[in-house]
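Accompanying notes for the structure given below.
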Amino acid sequence: MSRSADPRADIATERGAVTLQAVTKRYGDQTAVDALSLDIQPGEFLSLLGPSGCGKTTTLRMIAGFEHPDEGDIQISGRSVLGTPAYRRDVNTVFQAYALFPHLTVAENVAYGLQQKRVPKLELRERVAAALEMVQMRGFADRKPTQLSGGQQQRVALARALVNRPAVLLLDEPLGALDRQLREEMQLELKLLQAQLGITFVFVTHDQDEALSMSDRIAVMRDGRIEQLADADTIYARPASAYVAAFVGQQNFFDGVVAPDGAGVDSPRAQLRPATPLSGFAAGDAARAAVRPEFVELSADRPSGNVNIASGDVIGVSHLGEMLQFLVQLDEQTAVLSRRPTPDAPALSVGDRVWATWRPDAVQVFPAGDAAARSGYVPPPTAAQISDP
Amino acid sequence: MAANDDVRILASRAAAPIVRRELSRRGFLAVAGGVGTTMLLAACTTPGGDPAPAATGGTLENALSIYTWGDYDAPEVLEAFTSEKGPRITLDSYGSNEEMIAKLVAAKGTSGYDIIVPTGVFIPQLIENGLLYKLNRDLIPNIEHVDEAYLGRVWDPNNEYSICKAWGTTGFVYDKTVIQRELKTWDDFFDAAKNEASGKTSVLDDPVEITGIYYWANGIDWDTTDPAEIDAAEKFLLEELAPHISAFDSYPGGAAIPQATHALMQVWNGDARLGIMNSPDPDRWQWVLGSPATELWMDNWAISASAPHPEAAHAFLNFVLDPEYAVAQIDYIGYHTGAKGIEQMAEEAGLGMLDMVFFTPEQLATMQDGEINEAQERNVEIWNKLKAAAGA
Amino acid sequence: MRNLRLPGFALAIPAWVWLAVFFIAPVGVVFWYSFGYKPGLFGTHANDKLSLDRYLEVLTPTFFDTFVATMWIALAGTALCLVIGGPVAYWMAVKSPPAWRGLLLALVLVPFWTNFLVRTIGWQVILAPEGWASQAAQAIGLPAFDILYTRAAVLLGVVYNYLPLMILPLYVAFDRVGEPLREASRDLGANRLRTFWRVTLPLARPGIIVGVLLVYIPLMGDYITATVLGGAKGNMVGQMVAAQFQTAQNWALGSAMAVTLILVIVLSAGVVGALLWLVSWPMRRANRLVLGEVGS
């Protein structure tokens, strides 16, 4: 296959493209990144999502040039950067704790990168002013970083990186230190900024909401590998594994066996039947079914049908603003979580006997052998696990 | 005390590390004595308060506190006192007379020390400031064992306050491999310093010892206050001696002689003896007593005016003057203790290089007592100028 | 009920009391004595007549010469400690494996486990003409060397005794700059050298100043190291001060010398600081950026 015949080959050499080929990084006998391959498109907003220790930060630091892979190749804009030191790479980083220079003013911080490139003074001043304008920090130019709030420091760090017009901007959990409201504001701004500038963003986070709200694609990482690489919708709606399912959003899990007819999973408290029959499973195989809380409906009267239904007692009701959340205990071991939009939520209270139902297309089935959701990684609390003694 | 015991002590002392000697009596700590400590001390006033209880020969107190030069008494002597007489001894040490005086003055009679060991020239100052206890000589009959030659010195003519503890004199030591002629006098010392030993000469780090060389060499009274004589000494020392001095070292016996750092060194006799004994090649060194004149310095037993245990202090003085302990003391410190017949006892005990401890009556006649007088300020000034000139 | 909470500065009271009793009061006493005189042979000081005469007595050519020699040794010793200790501290804080750092710090402090004087005399033994260093040199065919009682020996001793005082604050300073800031600098296109000059060094400056003062100030007053190893070539002004207090028993003149010494140390530290500030001025100017009205 010739290069020109493959459109991806052209994209991969464009400015802003990042390619990782079978990159491995070890620390002693620990493998932090394990033969990881990844193509990032120019201008793409890609998130590396995973718990701490999954290798996402190491991957980012290898792209930045602070760590060097033991095996594999890293290309930026189509060129291998293995021999290129960090200070000569066409990337800039927004660091987790901002890493602003405390002895320089805001303007001097932003000018730092341009001074290294010996940008003429006049141009430098204009670019610094523009970059500060862009993050609405123009009025703080002569302050020292210690005189700024966390959100303001965050903006300065962003301006300091972007003023260099890098091919790729690397962001290492940049919003982690901000309070929730500010974080949501910044998520929105970051996304707008990225769309406006067209620069490739590689965004490292352990926060699924951040990843879901901003990314073009999300790479969910686990133990130094990519578990699933897809856009937000796919990751959310069709997780490739129970691990991804558990990590992104919340889940009700039901452990059981594949029904004799292969149509679904039979667990002690419910028979779960997806919209299409299972493939790749044999009758009697251990399996794990998952239903997201927002697909679980509750009613006081018994609905018709015997599958995708379970009964229990309401043991908790909580208000999430636009949603009401109900916790329904099925038996001593199992509870399910249900979220209903506040306007059409059923009028239920603790102690009520209810029926929980869900649509077949809400049911996802994973092999039971995939125990990651339990061991090694503790997922966000799911209803099924809340009641675990 | 058996003779073989003394030999054992001698052997163990010879083997003792040089550094330990450096820190001992008249050792390096004298130089190191901190300005800081001195500066903290308060005004110099006559101690007030009640006089200490008189010593009448009553029962001994159960403790005794001795404030003396570091490493200046044989431990077995102190132990023997405690086991025979009872009082437990607490030892504290100083590195210079000034340090000891400052402490006594600052404490204003509450220092808690019983026995102190000032050098003779400081005794008039101590008496004038009321810091010394008038001895009850009835309680110290053993003073009869002290050679009359070392009693009745100028600073305390009737030994009302003090009794000789040890004394020494000044001369020089030279390296015969560098200076291959015989040196005999202070004039020879100057000549060798200017020639073979130029840049390899050290003098004692003490103002009166340095000006002393000039006065002793030229038959001038060491204690002169005549400005013309002092000016002449300054001129000569600055012009003739300073360019050839490489160190101001009060204890060349500690390191300079064993390590052959210098070729010509002004030195006190006991220190010279120690250095030559510690040298890997003792025959290389020649000791010369200063001539035609030199000094005699003497440290003296005395009791603090505020002594809390005067009975025990008198008992100790009497005890330590007993001839039974004279050899142990001389072996330990290497200086003449002033005891009668000690030369013979030391010879019988087999101590070495005794010609550097004991001197003939003719030599003794050439040794002068020092004195603290109006010339002190000028002496210090000359000393500072010499140092600046030699260090340039 | 009234609230009996202590004000915040109460925490600092013990430190202030300590300073007042053990620093300010003695210095005040010395200052007071310096206006007095020595009353007769056996007195050390009196203050019933006050004058500046002692200060006139201090300012002799001897004092000046000795002072210049002292300053030379102090400045050269401080510079050597900085030149030698700087890279060591940088290596320890930045380049050494973090697991070693505790051990390395302990090793820096090892000399402090021994008495200061004994350590210095130890060097005298090593450097003597027939000492170990000379014997080792001769064993490998070099000529016997004799640096004891030279300025070189003084500087060797100074570096040995004072290096930890330089390394420790520099280590803390370099360590506090932190890897993230150096990474940020490299990320922004500065190589290691530029990163050192523009990030590490400016941020470590307070530590460097502390280290320099910690070496320079005690060194100006120290005469043990210099005299033990330098002999006549290690004549220091501190010795003149000590001589007035001890041998001459003239506390008034000694105090005037001490006060003069303190003033000159403060002054010289200020002059050196001002010089450094002036020298670095062009660089700071080049990197300064005031946006003013540009682009707005």
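Worth knowing before you read on, the calculation uses all heavy atoms, side chains too, and leaves out hydrogens, waters and symmetry mates. Naming: A, B, ... by sequence-line order, numbering from 1 per chain.
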Identify the two heavy atoms, one from [X] and one from [Y], that lie closest to each other, and give their separation to 0.1 Å.
{"X": "Gln259(B)", "Y": "Ala128(C)", "result": "OE1-CB, 3.2 Å"}
{"X": "Val380(B)", "Y": "Ala248(C)", "result": "CG2-CB, 3.5 Å"}
{"X": "Ile245(B)", "Y": "Ala232(C)", "result": "O-CB, 3.7 Å"}
{"X": "Lys233(C)", "Y": "Ala390(B)", "result": "NZ-O, 3.6 Å"}
{"X": "Glu377(B)", "Y": "Asn250(C)", "result": "OE2-ND2, 3.1 Å"}

- Query: Which residues pass the side-chain contact (heavy atoms from CB on, under 4.5 Å) test with Leu59(C), sequence neighbours left out?
  - Reply: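 Result, side-chain contact (heavy atoms from CB on, under 4.5 Å) vs Leu59(C): none returned.
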- Item | Partner set under side-chain contact (heavy atoms from CB on, under 4.5 Å) for Thr177(B), not counting sequence neighbours |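 Thr177(B) satisfies side-chain contact (heavy atoms from CB on, under 4.5 Å) with Asp175(B), Arg284(B) once adjacent residues are dropped.
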Look at atom [atom1] of [X] and say whether more than 12 heavy atoms of other residues, nucleotides or ligands are closer to it than 6.0 Å.
{"X": "Phe116(C)", "atom1": "CZ", "result": "yes"}
{"X": "Trp72(C)", "atom1": "CH2", "result": "yes"}
{"X": "Lys235(B)", "atom1": "NZ", "result": "no"}
{"X": "Phe112(C)", "atom1": "CZ", "result": "yes"}

- Test item: Tyr149(C) and Thr261(B) side chains (from C-beta on) under 4.5 Å apart, heavy atoms: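 Heavy-atom side-chain distance check passes, below 4.5 Å.
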- Message: Are the side chains of Gln249(C) and Gln376(B) in contact, using a 4.5 Å heavy-atom criterion?
- Response: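 Heavy-atom side-chain distance check fails, nothing below 4.5 Å.
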- Query: For Leu127(C), is it the side chain, the backbone, both, or neither that has a heavy atom closer than 4.5 Å to a heavy atom of chain B?
  - Reply: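 The answer is neither part of Leu127(C).
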- Message: For Ala243(C), which atoms come within 4.5 Å of any heavy atom of chain B: side chain, backbone, both, or neither?
- Response: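 Interface part for Ala243(C): both.
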Can you tell me how far apart [atom1] ([X]) and [atom2] ([Y]) are? Round to the nearest 0.5 Å.
{"X": "Thr227(C)", "Y": "Asp205(B)", "atom1": "OG1", "atom2": "CG", "answer": "7.5 Å"}
{"X": "Gln239(C)", "Y": "Trp383(B)", "atom1": "CD", "atom2": "CH2", "answer": "6.0 Å"}
{"X": "Asp249(B)", "Y": "Gln124(C)", "atom1": "CG", "atom2": "CD", "answer": "7.0 Å"}

- Message: With chain C as the partner, which of Glu374(B), His262(B), Glu381(B) has the greatest number of non-hydrogen pairs under 4.5 Å?
- Response: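 The option with the most such pairs is His262(B).
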- Message: Any side-chain to backbone donor/acceptor pair from Asn235(C) onto Lys387(B)? Under 3.5 Å, distance only.
- Response: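 Yes: the side chain of Asn235(C) pairs with the backbone of Lys387(B).
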- Which bit of Pro280(B) is near chain C, if near means a heavy-atom gap under 4.5 Å: side chain, backbone, both or neither?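 No part of it gets close to chain C.
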- Query: What do the steps show when you test Gln244(C) against Asn384(B) for side chain to side chain contact (heavy atoms under 4.5 Å, CB included), and what is the final call?
  - Reply: CA-CA 10 Å; Gln244(C) 285 307 326; Asn384(B) 285 332; 4.1 Å; yes
